[in-house]
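Below: the structure, in structure tokens.
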Amino acid sequence: MTKVFLQRKISPRIANGHPWIFGNEIEKMEGESQPGEIVEVFTHDKKFVGKGYVNPKSQITVRLLTRERNEEINEKFFHNRIQAAWDYRKKIGYTENCRLVFGEADFIPALIIDKFNDYFVIQTLSLGIDIWKAAIVKALQTIFRPKGIYERNDVPVRELEGLEQKKGWLTEPADTNITINENGLKFIVDVENGQKTGYFLDQQDNRRAIRNIVKGADVLGVFTYTGTFEIHAAYYGAKSVLGLDISEKAVAQATRNAELNGLGDKCTFTAVNAFDILKQWGKEGRQYDVVMLDPPAFTKSRENIQKAVAGYKEINLRGMKMIKPGGFLVTSSCTNLVSPDMFLDTIHLAAKDARRRLRQVTFKAQASDHPIIWGIENTNYLKFLIVQVL
Ligand code: SAH
């Protein structure tokens, strides 16, 4: 097996649990290896670090799979890791719908598996994990006897790994619209054409957090996608709910979901650009009891963090100005390069500019089926804040 030796100054970070090894962290490699193959990693002074898969084409040259020298990377390895991920979800109470495997946080770098009752959606986002797709599918079949497994590998990041983008059933073709239950409501998940894996499970607990503040309220939900927060608001007793999204398709899905729950008359969804309409409505003096913001990630690269922060400041400032005194702002950020502290500071600055005072009700991260591993910063990515706007 090829041996990879790390530079002296880098190995402490990796020793502390981080599974990624960048090209410039490697001092030398001994032996020939094919892209995707398993290699052994050592410190500069030849202490064993772990085993992982290599891809010289990727910026992340090696991703570690195990720290045990005698643990073989084979079909059984993937079965055991997926079983362990499932045992963990059962332990913490996420069984019907959950992110079953959250990549690095489940010690299977670059693998994502979402469970939507009897269906599974998988993403193999690096070459080294893509090679094991058959083993992963086999493990899912053995553990769950699922009705279907769908591949959502139409993700640009795969191209950085030299992989093609593709999607489709890995099992017998079935209906790609799957109905799930969440918090007593029904939602249709379009696993073929929906965003990411088709549905954002990471907000499943946070959607319950709006329960009390939306009672009797006029609610504006921005970046609604399938209408999840908005339909929850209607269900929890909002007086009226308006959801906005730039995508016509999302608006159609949200409308269908509201009808599915008998909440069609309370919810309206409209396709607009949020940045433009918030500006306009702010000028017109529109007011709501509750404004909810759940935008897409604003950046994936460090160079654009300041731009992303400016984007958060702008929409939150505009959102706040439209809230009646004593009303609530429900605001999220899924940009992992914007840290929780940075996000709170941004909201604070927006409040100063809007001349409003805030009272924090709740500040949380993603649902616990997306575990956070200390030392792997990008596992702590979702910020969810509710503040009263005074
Ligand atoms: N709240 C949703 C997730 C929202 S994802 C949920 O809980 O499932 C972010 C959404 O923002 C996407 O549906 C995307 O279409 C929408 N979006 C992106 N840019 C936008 C813009 N400028 N104006 C309005 N919507 C936008």
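The shown structure was predicted, so the numbers you read here are calculated from the model rather than taken from an experiment. All ligand and atom numbering here is 1-based and tracks the order in the structure.
Among all protein heavy atoms, the one lying closest to atom 5 (S) of ligand 1 is Phe200 CE1, 3.7 Å. Summary of contacts: the protein heavy atom closest to atom 18 (C) of ligand 1 is Pro296 CG, 3.6 Å. Here the protein heavy atom with the shortest distance to atom 3 (C) of ligand 1 is Asp294 OD2, 3.3 Å. Of the protein's non-hydrogen atoms, Ile246 CG2, 4.0 Å is the one closest to atom 19 (N) of ligand 1. The single protein non-hydrogen atom nearest to atom 14 (C) of ligand 1 is Asp245 OD1, 3.5 Å, given as residue, atom name and distance.
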>> Evaluate Glu27 against Leu6 for side-chain contact (heavy atoms from CB on, under 4.5 Å), listing each step before the verdict.
In response: CA-CA 5 Å; Glu27 194 176 275; Leu6 300 175; over 6 Å; no
> Do Asp218 and Arg286 pass the salt bridge (charged side-chain N to carboxylate O under 4.0 Å, His left out) test, and can you show the C-alpha distance, the side-chain angles, and the key distance before you say yes or no?
Replying inline: CA-CA 11 Å; Asp218 288 316; Arg286 277 220 205 188; over 6 Å; no
>> I'd like to know whether Thr299 forms a side-chain contact (heavy atoms from CB on, under 4.5 Å) with Lys307, so could you lay out the CA-CA distance, the side-chain angles of the two residues, the decisive distance to 0.1 Å, and finally the verdict.
In response: CA-CA 8 Å; Thr299 182; Lys307 260 198 204 149; over 6 Å; no
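Neither the backbone nor the side chain of Val222 comes within contact range of ligand 1; no heavy atom lies under 4.0 Å. Only side-chain heavy atoms of Thr228 come within less than 4.0 Å of ligand 1; its backbone N, CA, C and O stay farther off. Only the backbone of Thr224 comes within contact range of ligand 1, with a heavy atom under 4.0 Å; no side-chain atom does.
Distances from atom 23 (N) of ligand 1 to the heavy atoms of Ser247, Gly221, Ala274 show the closest one on Ala274. Heavy-atom proximity to atom 20 (C) of ligand 1, evaluated over Phe229, Phe275, Phe223, is greatest for Phe223.
Taking the centre and axis of the six-membered ring of Phe229, the NZ or CZ atom of Arg207 falls inside the cone set by 45° and 6.0 Å.
In terms of polar-atom proximity, Gln195 is counted as a contact of ligand 1, with an N or O under 3.5 Å from an N or O of the ligand. On a distance-only criterion, Thr226 and ligand 1 share no N/O pair closer than 3.5 Å. In terms of N/O distances under 3.5 Å, ligand 1 is not approached by Pro295. Geometrically, ligand 1 and Ala250 share no nitrogen or oxygen pair separated by less than 3.5 Å.
No donor-acceptor pair under 3.5 Å is formed between the side chain of Glu192 and the backbone N or O of Trp169.
Every atom of ligand 1 is numbered from 1 in the order shown, and the set under 4.0 Å from a heavy atom of Val272 is 23 (N), 24 (C). Near Asn273, meaning under 4.0 Å from any of its heavy atoms, are these atoms of ligand 1: 21 (C), 22 (N), 23 (N). Residue Tyr225 has at least one heavy-atom neighbour below 4.0 Å for each of these atoms of ligand 1: 2 (C), 3 (C), 4 (C), 8 (O), 13 (O).
A ring-centre distance under 6.0 Å is found for His370 and Phe102. Taking the six-membered ring for Trp and the full ring otherwise, the centers of Tyr150 and Phe120 sit at least 6.0 Å from each other. Taking the six-membered ring where the residue is Trp, the centroids of Phe384 and Phe363 are separated by 6.0 Å or more. Residues Phe144 and Trp86 place their aromatic rings such that the two centres sit under 6.0 Å apart.
Proximity of Arg207 to ligand 1 is established by a heavy-atom distance of less than 4.0 Å.
Side-chain atoms of Glu96 and Asn181 form a donor-acceptor pair, as typed in the model, at a separation below 3.5 Å.
Proximity of Leu100 to Asp114: side-chain heavy atoms (C-beta onward) are nowhere separated by under 4.5 Å.
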